[in-house]
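Ligands are counted one by one from 1 in listed order, and the atoms in each one are counted from 1 as well.
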Amino acid sequence: MLIRHSADILPSDITPRSIYLNRRQFMLGSAGLLLPATALAALPARKSPFSTTETANSREEISSYNNYYEFGTGKDEPALYAGRLKTRPWNIVVDGEVEKPRSFGIEELLKYPQEERIYRLRCVEGWSMVIPWIGFPLASLLSQVRPTSKAKYVAFETALRPGEMPGVARRVLDWPYREGLRIDEAMHPLTILALGLYGDVLPKQNGAPIRLVVPWKYGFKSIKAISRIRLLEKQPATSWNMAAPNEYGFYSNVNPAVDHPRWSQASERRIGEFLKRKTLPFNGYGAQVAQLYRGMDLVKNF
Ligand SMILES: Nc1nc2c(c(=O)[nH]1)N[C@H]1C(S)=C(S)[C@@H](COP(=O)(O)O)O[C@H]1N2
Ligand SMILES: [Mo]
């Protein structure tokens, strides 16, 4: 008998989420179901009007073809090695040009109201996916620390754990992985912190326990496993821009008119499809974000 159906294992309305999540994992395990090596906890979310109606890639595709250089430069390496990253306990320090600097624990952030945001992700290498993220607007976190009038930029850092991250032994990038946004980009309602996908918490290869998602920018802006956020007056250095400034600019808005020196940005291949499709300006999010760049030369500010 594989299926248990006693009422005592159903989460009641008064059960705190952490207990409910633990019970669910236990319930599945004790039912003898075949679980993947990394059983994930459910993360309920309401649907969002910001989601695309395009068909999402499968969970298998999303969690087996990854860029996460802390675990190696091969697309299969994050799925093989990211399991080593200890994602509990986890804190994000938020400081810099803010009135109320503080640290946020991941258990607290998991209790925020979560939304499912089905977004396109376009990698500068020429492939794309559609991913049903779960998360909340970055603005909900930033507004709590009260950015000062000097806060013009936001800098993000990934945790640096050489013992758990085999890829950082090689200096392919200047670790820790660093990214940045202008404050208006960071506060834009499309910009989210993602804690889950496909109804569960994030697989580690996708950036558990918490990563950024900025859907109108190339994938590398969406930094994984964030441990620090700083609000700054000056534009921060970013890992890819430091590694190859002629290839990766600070803005990195998806732009079919500006090619990367090694890859055309005019078209892309959706993972799982054969034919290429045209890449859209701002990855198709131009109606929502183009006004952020009014008057700017986006060829110069690539
Ligand atoms: N810390 C960290 N974040 C990262 C990367 C990385 O190497 N390290 N790669 C980026 C790149 S190039 C892409 S395309 C996306 C891929 O996200 P996904 O694997 O969840 O699809 O993560 C981005 N975030
Ligand atoms: Mo990428």
Side chain, backbone, both or neither: which part of [X] has a heavy atom under 4.0 Å from ligand 1?
X: Arg211; result: side chain
X: Thr158; result: side chain
X: Phe156; result: neither
X: Glu70; result: side chain

Is the shortest side-chain N to carboxylate O distance from [X] to [Y] below 4.0 Å?
X: Arg84; Y: Glu164; result: no
X: Glu70; Y: Arg170; result: no
X: Arg262; Y: Glu247; result: yes

Out of all atoms in ligand 1, which are within 4.0 Å of some heavy atom of [X]? Include the element for each.
X: Asn66; result: 18 (P), 19 (O)
X: Tyr69; result: 6 (C), 7 (O)
X: Cys123; result: 14 (S)
X: Trp133; result: 20 (O)

Is a side-chain donor-acceptor pair under 3.5 Å present for [Y] with [X]?
X: Arg270; Y: Ser128; value: yes
X: Arg182; Y: Gln235; value: no
X: Asn283; Y: Trp216; value: no
X: Trp175; Y: Tyr69; value: no

Looking only at protein heavy atoms, which one is nearest to [atom], and what is the separation?
atom: atom 9 (N) of ligand 1; answer: Asn67 O, 3.1 Å
atom: atom 24 (N) of ligand 1; answer: Ser222 O, 2.9 Å
atom: atom 22 (O) of ligand 1; answer: Lys224 CE, 3.3 Å

Nearest candidate to [atom], where distance is taken over non-hydrogen atoms, out of [options]:
atom: atom 15 (C) of ligand 1; options: Gly219, Ala159, Ser64, Pro78; result: Gly219
atom: atom 4 (C) of ligand 1; options: Tyr177, Tyr68, Phe220; result: Tyr177
atom: atom 21 (O) of ligand 1; options: Val124, Asn57, Leu160, Ile131; result: Ile131

Heteroatom proximity flag, Tyr65 to ligand 1, N/O under 3.5 Å: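 Min N/O separation from ligand 1 is not below 3.5 Å for Tyr65.
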Donor-acceptor contact present, side-chain Tyr285 to main-chain Arg120, <3.5 Å: yes
Donor-acceptor contact below 3.5 Å, side chain Asn206 vs main chain Ile62: yes
Aromatic ring pairing Tyr68/Phe71, orientation class (parallel under 30°, perpendicular over 60°, tilted between): perpendicular
